[in-house]
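Accompanying notes for the structure given below.
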Amino acid sequence: MNFFLLSLIKTGLVAFVLLTTLAYLQWIERKVLAHIQLRPGPYRVGPHGLLQPLADVVKLATKEGVIPGNANVFFFLFAPFLAVTLALTSISVIPFGPEIEVFGVKTNMELTGVNIGVLFILALSSLGVYGIAIGGWASNSKYSLMGGLRSSAQMISYELPMSLAIAAPLLIVNTLNFRDMVNAQSGYWLGVIPKWNIFAGPFPQFFSFLIFLIAAFAETNRVPFDLPEAESELVSGFHTEYSSLGFAAFFMAEYANMITVCSVATLLYLGGWQPLWPSSLGSDFVAPLIHFAAAGMLFYHGGQTVKSRTWDRFSFPAFGVIFLVVGALFLVPVLKPILIPLFWFVGKVGILLFIFIWIRGTLPRFRYDQLMRFAWTFLFPVAIVNLLITGLLVALQS
Amino acid sequence: MPMPASFVPPSPQELFRFAPEMLMTVVATLIMVMEPLSAPEGKRKFAVMTFLALIAGIVLTVMGTNDPGTAFSKMLVLDGFAAFFRILVMVVGLLIVLISTNYLKLEQHESGEYYAVMLFSIIGQCLMVSANELIMLFIGLECSSIASYVLAGYLRDDKRNNESALKYFLLGSFATAFLLYGVAWIYGLTGTTNLSAIRTTLLDPTNHPNLVMLGAATALLFVGLAFKVSAAPFQMWAPDVYQGAPAPVTAFMSVGPKAAAFAMFLRILMTAFEPLKDRWEPILWVSALATMIIGNFAALRQTNIKRLLAYSSIAHAGYVMVALTTHSEIGTAAAMFYLASYAFMNIGAFAVVTYVARRGEKHVATQDLSGLSQTQPLVAAMLTIFLLSLTGIPLTAGFFGKFYIFKAALDANLIWLAVLGMLNSAVAAYYYLRIIVVMYMQPPAESAEELLAPSAGIRVAILCTAIVTLFLGIFPSFVLDFAGRSASLIR
Amino acid sequence: MPELPIALPAHVPLSWYLILSVILFVVGAAGFLLRRNIITVFMCIELMLNAVNLTFIAFSHQLKQVDGHIFSFFVMVVAAAEAAVGLAIILTVFKNRSTLEVDEVSSMKL
Amino acid sequence: MPTSVLEAYFPVLVQVILAAAVAAGLLGAGVLLGKRVKNKVKDTPYECGITPTGSAKERFSVKFYLVGMLFILFDIEAIFLYPWAVVYRDLKLFGFFEMLLFIGLVLAGFFYIWKKGVLNWAAEESPQDSQR
Amino acid sequence: MNLLNILLIVPAAGFLLTLLLPKDNPGLVRNFTLFVSLIAFLLSLGLIGPVLANPQQLSFESNSPWIEYPSIRYHVGLDGLSLWLVILSTFLTPIVILVSWKYIQKRVKEYYAFLLFLLFGVLGVFVSLDLFLFFVFWEVSLVPMYFLVGIWGHDKRIYAAVKFFLYTMAGSALMLIAMVYLYNKSGTFDIPLLMDMMAKGRLVLTGTEGFWLFMAFFVAFAIKVPLFPLHTWLPDAHGEAPTAGSVMLASVLLKLGTYGIVRICLPLFPEASHQNARWIIGLAIGGIIYGALVAMVQPNMKRLVAYSSVSHLGFVILGVFTFTQVGLDGAVYQMLNHGISTGALFILVGMLYERRHSLEIADYGGVGTVAPWLSTMFVITTLASVGLPLLNNFVGEFLVLQGAAERNFLYAVFAAVGVILSAVYMLWMVQRTFYGETPDAVKNHFSDLSLREWGVILPLIAMMVWMGIGSSSFLPAISASDSKILSVVQSKAPVAGKELANAR
């Protein structure tokens with residue numbers, strides 16, 4: 001098949017999935033947070049608030065996009081544009097699964113497999129600072145400026161331990177291409193322990209993973225590192241002056257970045273789409289089983305619903321059916337090679353995203369000086385020590 | 001794309017050739033690490049450390065001369081030429097440390113960074129003079145330059161320092177960009193960055209590099225190099241920078257980085273671009289002459305000693321350019337000798353300026369020297385020696401420096417350049433004499449009363465440089481033989 | 001299989017890169033000489049260095065060597081070091097003079 | 001697999017265009033759909049209802065500059081690790097010690113700035129805090 | 001270590017030792033330097049015998065390498081030509097030390113140190129047989145003079161000192177280039193060797209080369225002489241220098257130029273000397289007359305004497321470029337004469353200045369009545385300077401005129417005009433100063449010669465007389481040496497008509 005056509009198709013597909021995920025990621029976050037705090041969360045718009053994202057978009061779109069006086073209009077608008085563009089672009093080098101064959105066409109489950117994928121992601125995430133800094137500066141507001149500055153300083157500070165942390169697994173896999181990286185993580189120690197970087201190698205990259213995760217929180221301005229938008233101090237940080245879809249754009253960029261970093265973490269440390277245990281030991285059945293279990297739970301709850309939630313009597317079973325069907329799809333031989341790796345990948349990313357949300361619901365915010373000191377005087381040295389130990393062990397091994 | 005196929009770890013021999021730089025790096029790093037831990041009154045030890053490191057560096061370099069050769073896959077070449085300049089820049093470092101200690105104390109800016117940064121600059125210069133690769137050369141150059149930018153603005157609350165550093169930085173980086181662009185084109189045209197390999201490529205008759213491109217590349221390279229050695233028409237940064245920087249730093253900048261830059265210039269000319277020497281000659285000729293003339297004539301009008309010496313430094317760069325123009329081993333040896341003698345006499349002069357300028361550098365007008373011969377006769381006498389040497393009066397190092405350069409010029413049949421150069425040095429006599437006049441023939445200024453005796457460091461520095469200046473003026477062979485033997489570069 | 005009408009060349013000709021680098025370099029140099037704001041001037045220098053990098057990479061690619069890559073690596077590093085020092089210097093200048101105009105930072109004349 | 005550099009990056013280009021389109025669409029929709037009412041109070045920067053004083057673009061703490069500079073330096077050094085990491089297994093222990101040297105130098109610089117109090121954001125007013 | 005080397009070391013060592021003496025004890029400094037200079041003088045007397053025994057050859061030669069590359073040798077030696085100039089220098093040094101005894105009150109130590117250093121420099125120039133060494137000493141002699149004028153001179157001393165320095169520097173820059181060019185051509189700086197090579201045809205200079213090299217050397221020397229119109233530094237330097245400085249300048253330093261011409265220009269570039277002789281003679285005669293005329297209108301005694309030097313040195317140049325034995329002998333002899341008599345004049349003017357603190361002739365008058373001995377001495381010296389028979393200048397001038405006449409009678413006529421004019425301005429000055437009415441300022445302040453001053457002036461007067469009547473003690477050695485040089489020059493004398501061709 002023509003390469004270009006294929007590229008266009010894949011791009012469209014990925015973009016659709018990504019945008020949908022983004023929209024619902026927010027819904028999930030609200031839901032999870034709500035449940036952590038023992039409240040229902042979005043509930044009104046659609047069943048269990050499922051249409052809430054759509055409603056939000058409509059609401060924001062119809063609001064007035066205020067451009068404050070004395071603001072630099074071009075940069076004021078350019079900042080969210082840049083943020084979204086960069087955030088959405090990152091996904092292009094991330095592979096979701098192995099090589100597959102669809103309708104006789106062999107292709108990789110990714111948009112493109114550039115040989116410097118890691119660098120590409122790092123470069124884009126560095127550029128992300130611009131969106132925030134420019135936005136804060138162009139608003140001509142003190143809160144915005146301070147928020148932008150803080151955010152930039154924080155992001156570049158955590159970029160450092162992050163890139164050092166990434167270097168450690170690279171020592172083991174010796175490639176900058178994500179696909180090669182995942183392939184290098186295939187196989188199992190003693191037949192059961194996966195050779196993911198977080199577990200295996202001459203030196204398990206557990207610390208590296210933790211550092212990466214922490215830095216990722218900071219990079220995406222998530223709690224406990226959401227100082228830039230610390231409401232109590234800076235109103236809303238760098239996007240204080242943004243309203244309407246400008247605000248939405250920054251929001252979207254944040255969630256897109258979250259997905260990207262979680263994907264990268266999965267690829268670097270968690271073996272990408274490699275299953276947790278060998279398929280010979282039945283890992284292929286995890287996906288359908290989980291779905292079936294979920295369907296079962298939904299059916300059960302659909303029967304148990306209290307009076308006030310009469311709607312759920314219909315919606316729960318309906319969702320149960322969907323889960324059932326999806327679970328069944330995993331068993332179809334033609335789709336199996338596509339869906340099983342995708343399941344593992346999405347599952348790992350999903351767990352990471354859940355951790356993001358979970359932490360948001362759990363931890364308080366850092367003080368700014370603590371935050372900076374933590375990056376420079378703790379994460380940075382630890383990352384270097386980890387790197388050196390890894391290097392030494394790899395060198396001794398080879 | 002082929003990766004470097006096999007990594008051969010450097011042999012101990014190669015490591016030893018690199019030993020001075022390694023040692024200095026270790027010490028400089030150590031100073032940086034110790035600096036924040038040391039009490040404000042305990043900064044003196046850093047000067048001592050720097051001093052010892054430089055001495056050890058010199059010893060190692062001298063030991064290394066027994067075994068010349070290349071190191072690190074021909075990135076570095078340690079020949080006599082490199083050894084000569086390495087020793088020179090390290091000796092310069094020693095003298096500057098002597099001058100600086102008291103200055104920094106007076107300005108209440110004593111700190112380890114100063115010495116560490118200076119060591120880094122010296123390391124960069126050592127790399128520059130021994131680089132056999134444009135990459136290495138560039139790294140050395142930048143290591144030296146960036147450290148110099150910092151030094152130039154060392155007293156960060158001083159407006160003149162700021163300005164000096166800013167100008168030095170902007171114009172220096174500008175020059176670097178030109179140099180690099182030239183290097184990039186050379187690389188593209190010859191396919192290599194190794195100086196000897198470039199020469200081989202250029203000599204190869206089967207190879208037809210695009211001459212227009214090559215010319216452009218050479219011109220770019222020249223712009224960059226001329227900037228670094230403050231040769232016309234790219235000399236304009238020097239006066240402001242030299243005037244604004246702290247006096248010891250000015251002394252340092254006017255000899256250390258300059259000598260290294262000239263060494264680099266010489267090496268490039270004598271190895272890589274030897275096949276193109278005819279093309280270089282007219283440019284160098286004109287530049288040399290213009291540099292001398294601009295330097296000397298502009299210096300005539302100066303009333304600030306530092307600025308005067310800055311212009312004089314430009315003029316002296318012009319003399320060395322004359323040696324470069326000759327493009328011969330004799331010329332190389334002459335340039336080496338000249339740079340060595342210039343280093344001593346200029347540092348000596350600056351040591352006196354540092355001393356006379358006093359705290360805050362309030363006394364840097366030529367008039368502030370008036371009557372120095374009565375208040376501090378010995379210092380005045382020494383400064384006289386330096387100035388006479390800068391003028392080129394026999395029995396001082398400066399005379400033989402000029403003599404050898406103009407001799408080399410005549411050898412190369414550059415008669416007019418030699419004649420004009422000599423006449424220039426007669427012009428130069430005027431402004432140097434003016435300082436002597438002020439010192440000896442005018443009554444002491446009022447402020448001269450409060451001039452305390454020079455500190456031990458300055459005293460040692462002045463004495464040493466004066467002795468060397470005279471020694472080289474009477475027995476030039478001591479250095480010249482070495483320079484002559486080292487002038488043949490390993491190609 | 002349907003072919004799209006667009007066809008990308010196998011590689012971009014060397015001269016395109018070089019012309020671009022020349023343009024970048026000239027723009028940088030001209031900016032350096034003409035602009036009066038220190039930061040702008042400084043950025044012009046960075047632009048020139050990037051032109052250099054581009055040239056190195058292009059040549060390196062053409063010659064199928066890694067030397068140029070290595071060189072550009074060092075150029076980047078040095079540019080970073082220069083940027084750090086330069087920004088520090090500019091900061092102190094700004095602190096002492098409250099201006100970023102090159103012409104106003106000139107107290108030393110004849 | 002892509003066969004040439006251009007092919008490798010073509011999807012990236014497509015993705016960039018798509019992303020830009022999404023972003024532009026988003027902002028454009030906001031402009032088209034939202035209504036516009038301008039008035040002076042609305043145009044002032046948001047400061048919790050208090051009338052803003054002075055320019056928003058004034059000078060801010062030098063710490064931010066410092067962090068910027070440090071980032072430039074250390075990040076470049078971090079980037080140096082990547083090519084090294086990729087060929088690490090070919091270099092063996094030699095590569096390790098070379099990098100140990102390199103990182104050692106970086107750490108020396110790091111130690112320096114740490115002890116100089118650059119990383120201490122809380123100590124802006126009280127320098128003696130850095131002695132803690 | 002022969003006597004000549006010792007003679008060179010003595011003033012140099014004396015200079016260094018003087019610097020070590022305590023600053024606050026001027027008496028010690030004076031006595032010490034006087035002692036050193038007397039030793040030097042006595043040593044120099046020891047040179048006479050051996051040189052006179054064999055004036056054509058070099059005596060006291062020592063030749064050892066100094067710098068290997070380019071081959072520079074410490075090559076010194078004496079012949080009849082340089083002998084008397086060496087003795088002149090050593091003879092005058094103790095005298096000027098004595099002259100300065102009272103006059104110099106500030107920065108005494110440095111002053112005397114510089115005088116010894118100056119002696120070292122000029123001795124070096126006179127005895128050097130290596131071009132490079134010659135140059136080194138040439139420049140070295142410049143520095144102490146510069147300080148002598150600049151520190152202890154009169155009001156415009158700085159201007160004068162700098163001017164003096166720059167003029168000489170500019171000239172010597174050219175000279176150095178020429179030397180190096182010659183070295184590149186021949187591989188040696190050694191003057192006898194160069195002459196030898198030329199004689200044997202191993203070193204052949206083309207017409208153009210010869211011309212430019214000659215010019216480079218000649219201009220350097222002519223500035224020092226000074227030859228009209230390069231003389232403008234001289235009245236300033238002489239006029240502003242302290243007495244001792246003027247004396248050393250006029251008596252010794254100017255001789256460096258003429259000595260250089262005879263020692264280097266003539267033998268090394270005989271063809272060029274011939275080609276250029278005409279206009280040089282023209283300038284020399286111009287200088288004689290110009291110097292005399294300007295001297296006539298000088299209100300300042302020192303400047304008057306200075307201009308008279310221009311005039312007198314014109315004679316020397318004239319004599320040299322006649323290329324006749326008598327002319328050359330006379331020129332060399334005139335160098336010595338001028339050294340003695342003009343030196344004495346300056347000393348006497350200095351004595352007047354010490355008493356009246358003015359150099360303006362108008363401030364004086366009738367000094368003869370208050371200080372008869374001083375006046376007598378002054379008149380004798382003036383007469384010597386004017387060229388009265390039986391006194392020294394007469395011999396020199398006569399010989400030069402004779403040589404000039406041999407060459408072209410017109411030269412002699414014009415030069416003779418100079419002699420007459422010199423009588424006019426000199427005597428006129430004497431008349432205005434020593435005769436006529438005595439102003440009160442003069443009357444009250446004048447004392448006659450002190451013992452020290454007698455000690456200073458008597459040797460000079462004695463020499464004037466001796467050289468005037470006993471010229472045979474000096475001339476044979478001179479003529480023996482310069483005949484050697486002359487033979488080289490004459491061997492290259494152009495045949496008529498060839499001169500034009502060579503010039504192209």
Side-chain angles (χ1 to χ4, degrees), chain B residues 1-4 133-136 138-139 141-143 145-147 149-150 152-153 156-174 176-185 187-189 191-194 213 220 239-241 243-244 298 301-304 306-307, chain C residues 14 18 21-22 25 28-29 32-33 38 41-42 44-75 77-79 81-86 88-97 102 105-110:
Chain B
M1 210 157 290
M3 280 287 168
E133 256 272 334
L134 292 169
I135 298 180
M136 210 62 204
F138 166 69
I139 294 172
L141 176 71
E142 283 304 292
C143 186
S145 300
I146 292 178
Y149 305 150
V150 177
R156 57 176 177 270
D157 299 322
D158 183 302
K159 280 190 179 187
R160 286 172 301 179
N161 274 221
N162 291 161
E163 188 179 332
S164 164
L166 181 70
K167 285 183 175 164
Y168 197 23
F169 164 70
L170 288 179
L171 289 161
S173 316
F174 189 56
T176 304
F178 270 93
L179 185 80
L180 268 181
Y181 205 44
V183 169
W185 281 93
Y187 168 66
L189 292 169
T192 174
T193 51
N194 187 296
M213 294 286 189
L220 286 167
D240 281 353
V241 172
Q243 186 189 343
R301 297 190 298 160
Q302 303 308 323
T303 51
N304 180 308
K306 278 166 84 185
R307 205 171 171 84
Chain C
L14 177 67
L18 296 183
S21 91
V22 169
F25 192 82
F32 180 91
L33 298 171
I38 298 176
V41 166
F42 174 61
C44 286
I45 292 172
E46 296 292 312
L47 189 61
M48 290 164 79
L49 290 179
N50 283 329
V52 171
N53 275 344
L54 182 61
T55 317
F56 270 120
I57 301 290
F59 276 130
S60 193
H61 186 71
Q62 175 82 2
L63 296 164
K64 307 232 178 307
Q65 291 178 342
V66 289
D67 304 34
H69 293 251
I70 295 170
F71 214 132
S72 64
F73 235 112
F74 282 112
V75 173
V77 173
V78 165
E82 260 187 12
V85 169
I89 291 172
I90 293 173
L91 263 181
T92 55
V93 168
F94 185 65
K95 202 176 106 200
N96 281 330
R97 301 198 188 231
V102 172
V105 186
S106 200
S107 61
M108 293 178 290
K109 279 275 170 291
L110 290 173

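Reminder, nothing fancy here: chain letters follow the sequence lines and each chain counts from 1. In this text, all values refer to a predicted model and were calculated from it rather than measured experimentally.
Contact tally against chain B (heavy-atom pairs below 4.5 Å) for C/Ser21, C/Ala84, C/Ala88: the top residue is C/Ser21. The choice from C/Phe56, C/Phe25, C/Phe74 that makes the most heavy-atom pairs within less than 4.5 Å of chain B is C/Phe25. No other option in C/Ile90, C/Val75, C/Leu49 has as many heavy-atom pairs under 4.5 Å with chain B as C/Val75. When each of B/Trp185, B/Phe178, B/Phe174, B/Tyr149 is checked for heavy-atom pairs under 4.5 Å with chain C, B/Phe174 comes out on top. Among the candidates B/Gly172, B/Ala165, B/Cys143, B/Gly153, the residue making the largest number of heavy-atom pairs closer than 4.5 Å to chain C is B/Ala165. Considering only heavy-atom pairs separated by less than 4.5 Å from chain C, the leading option among B/Asn304, B/Val183, B/Thr176 is B/Val183.
The distance from atom CE of C/Met48 to atom OG of B/Ser173, rounded to the nearest 0.5 Å, is 9.5 Å. Here the CZ atom belonging to C/Phe71 is positioned 7.5 Å from the CD1 atom belonging to B/Ile139, to the nearest 0.5 angstrom. Atoms CG and NZ, from C/Asn96 and B/Lys159 in turn, are 7.0 Å apart once rounded to the nearest 0.5 Å. With rounding to the nearest 0.5 angstrom, the OG1 atom of B/Thr193 is 8.5 Å from the CD1 atom of C/Ile70.
Neither the backbone nor the side chain of C/Ala58 comes within contact range of chain B, judged by heavy atoms closer than 4.5 Å. Neither the backbone nor the side chain of C/Ser72 comes within contact range of chain B, judged by heavy atoms closer than 4.5 Å. With a 4.5 angstrom heavy-atom cutoff, B/Asp157 touches chain C via backbone and side-chain atoms both. Both the backbone and the side chain of B/Leu180 have a heavy atom closer than 4.5 Å to some heavy atom of chain C. When heavy atoms are compared at a cutoff of 4.5 Å, B/Phe138 approaches chain C solely by way of its side chain, counted from C-beta outward. For C/Leu54, no part lies under 4.5 angstrom from a heavy atom of chain B. Proximity to chain B is absent for every atom of C/Val77, based on heavy atoms less than 4.5 angstrom apart.
Counting heavy atoms from C-beta outward, B/Asn162 and C/Ile89 have side chains that stay 4.5 Å or more apart. When side chains are defined from C-beta on, C/Val93 does not count as touching B/Glu163, because their heavy atoms never get closer than 4.5 Å. Side-chain atoms of C/Phe59 and B/Leu189, non-hydrogen and from C-beta on, never get closer than 4.5 Å to each other.
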>> Could you go through B/Tyr187 and C/Thr55, starting from their C-alpha distance and side-chain angles, then the distance that decides it, and tell me whether this counts as side-chain contact (heavy atoms from CB on, under 4.5 Å)?
In response: CA-CA 9 Å; B/Tyr187 168 66; C/Thr55 317; over 6 Å; no
> When you look at B/Leu166 and C/Phe94, which way does the side-chain contact (heavy atoms from CB on, under 4.5 Å) test go after all the steps?
Replying inline: CA-CA 11 Å; B/Leu166 181 70; C/Phe94 185 65; over 6 Å; no
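A donor-acceptor contact shorter than 3.5 Å is absent between the side chain of C/Asp67 and the backbone of B/Gly191. Using a distance-only test at 3.5 Å, with no hydrogens or angles considered, a donor-acceptor pair links the side chain of B/Tyr181 to the main chain of C/Val22.
Counting all heavy atoms, side chain and backbone alike, C/Val78 lies closest to B/Ile146 at O-CD1, 4.1 Å.
Partners of C/Phe42 according to the ring pair (Phe, Tyr, Trp, His ring centres under 6.0 Å) rule, which considers only residues two or more places apart in sequence or in another chain, are B/Phe169.
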